[in-house]
Amino acid sequence: MALAINVKRTKLHHRSIQCEGFKREDGLWDIEAYLTDQRSYDCSYDPEHRGGLIRAGENVHNMRVRLTLDLDFMIHDALAISDETPFPICFQAAQVMPRLIGLRMGKGWLKEVRERISTEVSCTHLIDLLTPIANTAYQTMHTALEERAAQRKREDKNFTRKKLGILDTCIALASDGEVVKRQWPEFYTGAKNAD
């Protein structure tokens, strides 16, 4: 269902972010994000770059980030490419992404990203792609994570799974809700006898 439009308007900007997740032959996972920005009007950022003009419909930004992860969300490789940017210096920001290697995604990890990659050497748009990459990583690896937990439980009856990071992040995954009661009863916090 489309959003209702009650007043005439003119589209000025279009941003597209696409994310994809891949399982690799070596047991690692590649998570990729692509960002493009276009304007509906001609604009100029730098008189020396791109002929001094970015025409309507051309990409202002065209960027990609790929993180290679294991099932513990440890980053094994990080690559970024900026094919189109508004300023020539922007291309340099992609070169610092390998500083993320060895970092583990999880609660508060974006703070550590900023400690490793300061704003003086980074690109806002490349760093912004890390949030949808993290979300896509979980979606991509969810089945493998559940299978690993089940395998550990079969191998060790005393295995206790730590609370899932996705719990209590939305209405569906509330610890006291029906989804958690059904899918992860060990983390259910609602009334135990309610039916």
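Side chains included, hydrogens not; waters and symmetry mates left out as well; all remaining heavy atoms used.
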Looking at Asp77 and Arg24, is there a salt bridge between them, counting it only when a charged N and a carboxylate O are closer than 4.0 Å? no

Residues in salt bridge (charged side-chain N to carboxylate O under 4.0 Å, His left out) with Lys23, at least two apart? none

Counterpart residues, ring-ring contact (aromatic ring centres under 6.0 Å, His included), relative to Phe87 (two or more places apart): Tyr45

Begin from the C-alpha positions of Ile17 and Arg15 and carry the test side chain to side chain contact (heavy atoms under 4.5 Å, CB included) through to its verdict. CA-CA 7 Å; Ile17 297 175; Arg15 170 167 284 183; 4.1 Å; yes

Any side chain to side chain donor-acceptor pair (under 3.5 Å) pairs touching residues 93-106, not counting sequence neighbours? none

Could you tell me whether a side-chain N or O of His49 sits under 3.5 Å from a main-chain N or O of Thr85, the two making a donor and an acceptor? yes

Would you find more than 12 non-hydrogen atoms of other residues, nucleotides or ligands less than 6.0 Å from Ile171 atom CD1? no

I'd like to know if the side chain of Ser40 and the backbone of Lys11 have a donor-acceptor N/O pair within less than 3.5 Å. yes

Output yes when a side-chain donor or acceptor of Gln92 lies under 3.5 Å from a complementary backbone atom of Ile89, and no otherwise. no

Please list, chain by chain and in numerical order, all residues satisfying side-chain contact (heavy atoms from CB on, under 4.5 Å) with Ser44, sequence neighbours excluded. none

Could you walk me through whether Trp184 and Leu173 satisfy the side chain to side chain contact (heavy atoms under 4.5 Å, CB included) test, starting with their C-alpha distance in whole Å, then the side-chain angles of each, then the deciding distance to 0.1 Å, before giving a yes or no? CA-CA 10 Å; Trp184 301 285; Leu173 299 175; 3.8 Å; yes

Residues forming a ring-ring contact (aromatic ring centres under 6.0 Å, His included) with His14, sequence neighbours excluded: none

Without hydrogens or angle criteria, can the side chains of Gln151 and Arg154 be said to hold a donor-acceptor pair below 3.5 Å? yes

Look at the side-chain heavy atoms of Ile, Leu, Val, Met, Phe, Trp and Tyr, link any pair under 4.5 Å apart, and say whether Ile166 and Val180 land in one connected group. yes

Backbone of Leu28 reached by a side-chain donor or acceptor of Asp70 within 3.5 Å: no

Suppose the criterion is ring pair (Phe, Tyr, Trp, His ring centres under 6.0 Å): which pairs have a residue in residues 135-163, not counting sequence neighbours? Tyr138-His142

Are the side chain of Asp72 and the backbone N or O of Met74 linked by a donor-acceptor pair below 3.5 Å? no

